[in-house]
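Structure first, then comments.
Order of the sequence lines fixes the chain letters, A, B, ..., with proteins taken first and strands second; residue numbering starts at 1 for each chain.
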2 protein chains.
Amino acid sequence: MSKAEAREGKKEGNASAEKILQAAKELFAERGFAAVSVRDISERAGVNKALLFYYFDTKAGLLHRILEQYYQAHAAALAPPASEGSTRVRMHALVTSYLDFMEDHHPYLQIVQHELQSNTEGLSMLRSGMRLLFTRVEELLGPITSDGHLHVRQFYISFAGLVITYFNYAPVLDVIWEGDPLSASNRRERRQHLHWMVDRILDGLQTCNPDQDIG
Amino acid sequence: MSKAEAREGKKEGNASAEKILQAAKELFAERGFAAVSVRDISERAGVNKALLFYYFDTKAGLLHRILEQYYQAHAAALAPPASEGSTRVRMHALVTSYLDFMEDHHPYLQIVQHELQSNTEGLSMLRSGMRLLFTRVEELLGPITSDGHLHVRQFYISFAGLVITYFNYAPVLDVIWEGDPLSASNRRERRQHLHWMVDRILDGLQTCNPDQDIG
DNA sequence: ACAATTATTAACCGAACGGTCAACGCCCGT
DNA sequence: ACGGGCGTTGACCGTTCGGTTAATAATTGT
């Protein structure tokens, strides 16, 4: 066990460590892991550069810690808030909580997107986070899809894509949208559209077989 | 006009320049712009490092050139292949050609995703590329959506998200899929699902008003 | 009060970075 | 045969990188 790992356990809530984490979250999201230097982070956090290595062994260790926190929070946010109600109601609740988390943790998606392209060890964490959401969708859709679990994975990645892409492409959507795509009214419009999409998909699942051949 | 810009015009098809472009495409896609050094690129291309600055003024200029090529190719790929047929048929054709391009130009999406997070000038190119695809979707869906152009932008980003996300998350989908998500059979399964989604959405557009309030 | 532990700092390190430059081989028109 | 571009090279430059270290300030247990 390294010094920094031991430090994590004891002094989790240290003020300087928190400032470093916050600064690193922002910078990794803005420019990506490789484009951010430890000097950048320490300067924004207002602490000495060496402190970063005191609390987190390496620059990569800092990212690791950040992703860990986010995945934990994401898993908690997707914990069954109301396991009552119809599949349709629970599906809408799932999408809503997914959207809420994205809006409340803006750097999260950007860091994940960056991590997706650089083949680091962080991908294994992403996998386990994904598995959780997949399980939830499987619970909801598995019983009602025509051939059970075979196609749930398709719906899973489709739902995730519908939610994620809007935030992912927000920096360049301003040419199509009026004003900031992340403004309150535009986020509301997006929410309405997504819930409409969920309903159309669930309608289709109840009346059709997704196994048709089109081309 | 810089030396390298002049060079681009004259000796576009130079063998060494092409080797550099190819190596850079691969590496930028694998690790992202910031994580790749010009030494990495020149080594994979098998040429001297200084040649990179001879043909492209800077490392950023090289990325610029690559994106330029890809956007040109993407625009061409989405050119109206068959403007005949019903909205439904043309919509399926659009999704098909989008999928084709993604499968044929693997580094493209990865480079774009990286560019999306780093606020470089390259974003303006991304915007113009986006506008083209949006115009196409607008032609197809505008006339049949209940309140015209107001919601087309929502469908646009939704369709794009459905197509893109699968490739974007491919590196971590292997835990949910069996085998490589990019294998021929798995790509075929994804295509079928997407065409089914398109049909369900078009069904909904013809019978419903997307303006309902759900929350 | 004081020793021990913890937190913080400035100075420093070798390596790698993007980029420059003078020179060299090579082909080609004359 | 030879002079002039073009393509190519290795050696070099200043800067910045992630990371270390020894010393010091602050806090804590007794």
Side-chain angles (χ1 to χ4, degrees), chain A residues 1-25 27-28 30-67 114-115 118 120-122, chain B residues 1-24 27-28 30-66 114-115 118 120-122:
Chain A
M1 177 159 61
S2 74
K3 289 181 221 161
E5 280 177 72
R7 203 98 47 208
E8 279 176 32
K10 287 184 196 169
K11 295 284 181 180
E12 184 81 358
N14 179 284
S16 293
E18 287 302 318
K19 281 195 287 185
I20 292 172
L21 277 172
Q22 184 55 36
K25 277 180 194 174
L27 285 166
F28 287 159
E30 287 172 17
R31 311 182 207 162
F33 178 75
V36 172
S37 74
V38 296
R39 284 167 181 82
D40 293 332
I41 299 171
S42 63
E43 277 171 22
R44 179 172 298 200
V47 302
N48 187 279
K49 179 170 71 72
L51 255 193
L52 203 144
F53 298 95
Y54 178 71
Y55 287 111
F56 316 91
D57 270 348
T58 63
K59 186 190 170 194
L62 177 55
L63 175 66
H64 190 270
R65 188 79 195 88
I66 290 174
L67 283 176
H114 236 286
E115 201 66 353
S118 62
T120 62
E121 346 78 46
Chain B
M1 178 160 59
S2 72
K3 289 181 221 162
E5 280 176 73
R7 203 98 47 206
E8 280 176 29
K10 287 184 195 169
K11 294 283 180 180
E12 185 80 358
N14 179 283
S16 294
E18 286 303 318
K19 280 195 289 185
I20 292 171
L21 279 172
Q22 184 56 35
L27 285 167
F28 287 159
E30 286 173 17
R31 310 181 207 164
F33 178 76
V36 172
S37 74
V38 296
R39 284 168 179 83
D40 293 333
I41 299 171
S42 63
E43 277 171 21
R44 180 172 297 199
V47 302
N48 188 278
K49 179 171 70 73
L51 254 193
L52 203 146
F53 298 95
Y54 178 71
Y55 286 110
F56 316 92
D57 270 348
T58 64
K59 187 190 169 192
L62 177 56
L63 175 65
H64 191 270
R65 188 79 196 88
I66 289 174
H114 230 284
E115 201 67 352
S118 63
T120 63
E121 347 78 46

Answer whether the closest heavy-atom distance between the side chains of B:Tyr55 and B:Leu21 falls below 4.5 Å. no
Can you tell me how far P of D:dG10 sits from CG of B:Leu51, to the nearest Å? 10 Å
In the structure I gave you, are the side-chain heavy atoms of A:Lys25 and A:Gln22 within less than 4.5 Å of one another anywhere? yes
In whole angstrom, give the distance that lies between atom CD1 of A:Ile41 and atom P of D:dC17. 11 Å
Protein proximity profile, nucleotides 19-28 of chain C - base contact B, sugar-phosphate-only contact S, no contact -, cut-off 4.0 Å on heavy atoms: BBB-------
D:dG18 P sits how many Å from A:Leu27 CG, rounded? 12 Å
Calculate the interatomic distance between B:Tyr54 atom OH and D:dG10 atom P; express it in whole Å. 17 Å
Tightest non-hydrogen contact, residues A:Arg44 and A:Glu30, listed as NH1-OE2, 3.2 Å
Please give, in whole Å, the distance from D:dG10 P to B:Glu43 CD? 12 Å
Between OG on residue B:Ser37 and NZ on residue B:Lys49, distance to nearest 0.5 Å: 9.0 Å
Phosphate-side-chain proximity, B:Ser16 and D:dT8, N/O vs OP1/OP2 below 4.0 Å: yes
Counting side-chain heavy atoms from CB outward, which of C:dA7, D:dT8, C:dG18 is closest to B:Ser37? C:dG18
Runs of at least three consecutive pairs that involve DNA chain D, where pairs are Watson-Crick or G-U with distances under 3.5 Å: C:1-24 with D:7-30, C:28-30 with D:1-3
Holding to side-chain contact (heavy atoms from CB on, under 4.5 Å), I want the full list of residues that pass it with A:Thr58, two or more places apart in sequence or in another chain. A:Ala60
Quickly work out the B:Phe56 CZ to D:dT8 P distance and round it to whole Å. 12 Å
Does a nitrogen or oxygen in the side chain of A:Tyr55 sit under 4.0 Å from OP1 or OP2 of C:dT8? yes
Side chains of A:Phe53 and A:Val38: closer than 4.5 Å at any heavy-atom pair? yes
Just how far is it from atom CG of B:Leu52 to atom CD1 of B:Ile20, taken to the nearest 0.5 Å? 5.0 Å
Whole angstrom is fine here: how far is it from CZ in A:Arg31 over to P in D:dT16? 14 Å
Whole-Å gap separating P (C:dA7) and CG (A:Leu52): 15 Å
B:Leu63 vs B:Phe56 side-chain heavy atoms within contact, under 4.5 Å: no
Heavy atoms of A:Val47 and A:Leu51 approach each other most closely as CB-CD1, 4.0 Å
